[in-house]
Amino acid sequence: MHPILLKLGPITITSYGALLALAFLSAVGLARHVTRRSLTTSVPLQDAALVDWAGWSVAGGLLGGRFLYILLNWELYARQPLEMLAVWHGGLVWYGGFLGGLLATGWYLKAHGYGVLRGLDQVIPFVALGHAVGRVGCFLNGCCSGKPTWAWCGVWMPGSAQPVMPTQVLES
């Protein structure tokens, strides 16, 4: 695994962070491209609204992912509450992020008078693309792997006693 892509003095660029950024940029960029080129009259979110939605969705995703991680590791955070803010130490749960992003998306669409289901129809394919790219970041980070296996597709992860199922790659 390659959790660190690059170190430039005090700046560390992680593979997970870089792939999350790539996931966001590619999903929003492709959504904007498709909306501009072929869906201009049939979708609720046009260019600027699409970018606004993406910002709210990411914010909701980060908050949801962090909130669920804190809940799942409450013993640590009850003893050291300031660690709740230390996101640079890691700690996001993807399904918390998905739920937070979905709630933020629903709020954004409702607050701006868009139909929630029509708006979701427009953005979900690009959310799926972003998720797939982000899961490759999980693989490079060496986290979120599956159960131990001796199957042909098993991968040796750091600290594992035997190969594990590469669920990140399979999900991607």
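Start at 1 with the first residue, then count along the sequence.
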For [X] and [Y], which heavy atoms make the closest approach, and how far apart are they?
| X | Y | value |
| --- | --- | --- |
| V164 | S160 | CG1-CB, 4.3 Å |
| W156 | A161 | CZ3-O, 3.3 Å |
| S57 | T105 | OG-OG1, 3.6 Å |
| S172 | V136 | OG-CG2, 3.5 Å |
| L92 | L62 | CD2-O, 3.8 Å |

Please determine whether the number of non-hydrogen atoms from other residues, nucleotides or ligands lying under 6.0 Å from atom [atom1] of [X] exceeds 12.
| X | atom1 | result |
| --- | --- | --- |
| H89 | NE2 | yes |
| Y114 | OH | yes |
| L8 | CG | yes |
| F67 | CZ | no |

Report task. Would you please name every residue forming a salt bridge (Lys or Arg N to Asp or Glu O under 4.0 Å) with E83, sequence neighbours left out? Result -> none

Any heavy-atom pair between the side chains of [Y] and [X] that's under 4.5 Å?
| X | Y | value |
| --- | --- | --- |
| S15 | L5 | yes |
| L6 | I11 | no |
| E171 | W94 | yes |
| L120 | L102 | yes |
| L82 | Q80 | no |
| N141 | P3 | yes |

Query raised in the report: To which residues is L99 joined in a hydrophobic cluster, defined by side-chain heavy-atom contacts under 4.5 Å among Ile, Leu, Val, Met, Phe, Trp and Tyr, whether direct or through other members?
Result: L103

**Report entry** Results of ring-ring contact (aromatic ring centres under 6.0 Å, His included) for H112 - residues two or more places apart only
**Finding:** Y108

Under 3.5 Å, which donor-acceptor pairs do the side chains of residues 144-151 form with other protein atoms, sequence neighbours left out?
| from | atom 1 | to | atom 2 | distance (Å) |
| --- | --- | --- | --- | --- |
| T149 | OG1 | A151 | N | 3.0 |

Query - For W74, side chain to side chain contact (heavy atoms under 4.5 Å, CB included) partners two or more places apart - result: I70, Y77, A78, M84

Report summary line: Across all chains, not counting sequence neighbours, the side-chain hydrogen bond (donor to acceptor under 3.5 Å, both in side chains) partners of D52 are none

**Report entry** Gap separating the CG atom of L85 from the CZ atom of R66, nearest 0.5 angstrom
**Finding:** 8.0 Å

